[in-house]
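One structure below.
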Amino acid sequence: MEALKQKIRDEGIVLSEQVLKVDAFLNHQIDPVLMQQIGHEFAQRFAGQGISKIVTIEASGIAPAVMAGLELGVPVIFARKYQSLTLKNDLYISKVFSFTKQTESTIAISAKHLSSADHVLLVDDFLANGHAAKALIDVIGQAGASIAGIGVVIEKSFQAGRAELDALGYRVESLARISSLEAGQVDFLDE
Ligand code: 5GP
């Protein structure tokens, strides 16, 4: 998605060879026009798939997920993060290791929002090693819901997540695919 790639070139900050900062438009300050285009792009890519719900994880996945939900006309659920959580009957729970914080947290979705009748599009802001996506796949599986695919705003293709999700057989649609963050520079896969 060219508008997104241009925004990354213009306003993305390479913090290290592993981390790209996009807090000017995606996960602190939000560019609503770009977010709307992102939602439109996800909706086009997953049109006709019978998606009934979008699932994401707080906080940074919410903006693109809501825009995709608006375009597809379906509700958006965001998994909530807890420092610790004892098992409860009415929650689907999984553990996720945070790439940016390097800590483990528990994520949960209320059982009342997701069921085996749902066909889910999973959305997140970044795909790095795939921990967030796999934790969401886990909670969606606990609900007995099926997964139409995974929509990622920014994929760092040089990290393990994309290959692992491919190997698990999921359809992954990434709107910008970064092949390297070396030498303080963003290189895209398809350039
Ligand atoms: P993963 O679970 O795939 O290893 O990492 C994805 C999660 O970590 C995303 O939900 C995102 O919030 C965060 N993340 C991973 N890489 C980056 C990055 O380069 N920049 C930012 N801002 N967040 C990232």
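Both counts, for ligands and for their atoms, begin at 1 and track the order of listing. Remember, predicted model here, so these are calculated numbers, not experimental data.
A distance limit of 4.0 angstrom between heavy atoms and ligand 1 selects the residues Gln18, Val19, Leu20, Asn27, Phe99, Thr100, Asp124, Asp125, Phe126, Leu127, Ala128, Asn129, Gly130, His131, Ala132, Lys156.
Side-chain contact check for Asp118 and Ser52: at least one donor-acceptor pair (N or O, by modelled atom type) lies under 3.5 Å. Under the 3.5 Å distance criterion, with hydrogens and angles disregarded, no donor-acceptor pair is assigned to the side chains of Ser16 and Gln18.
Of the options Leu127, Val186, Asp124, Val22, a side chain to side chain contact (heavy atoms under 4.5 Å, CB included) to Ile154 is made by Val22 and by none of the others.
By the neighbour-count criterion of 12 heavy atoms within 6.0 Å, atom NZ of Lys134 is densely surrounded, having more than that number from other residues, nucleotides or ligands.
Between Arg171 and Asp166 no salt bridge is recorded (no basic side-chain N to carboxylate O distance below 4.0 Å).
Using a 4.5 Å cut-off between side-chain heavy atoms of Ile, Leu, Val, Met, Phe, Trp and Tyr, Phe97 forms no hydrophobic cluster with any other residue.
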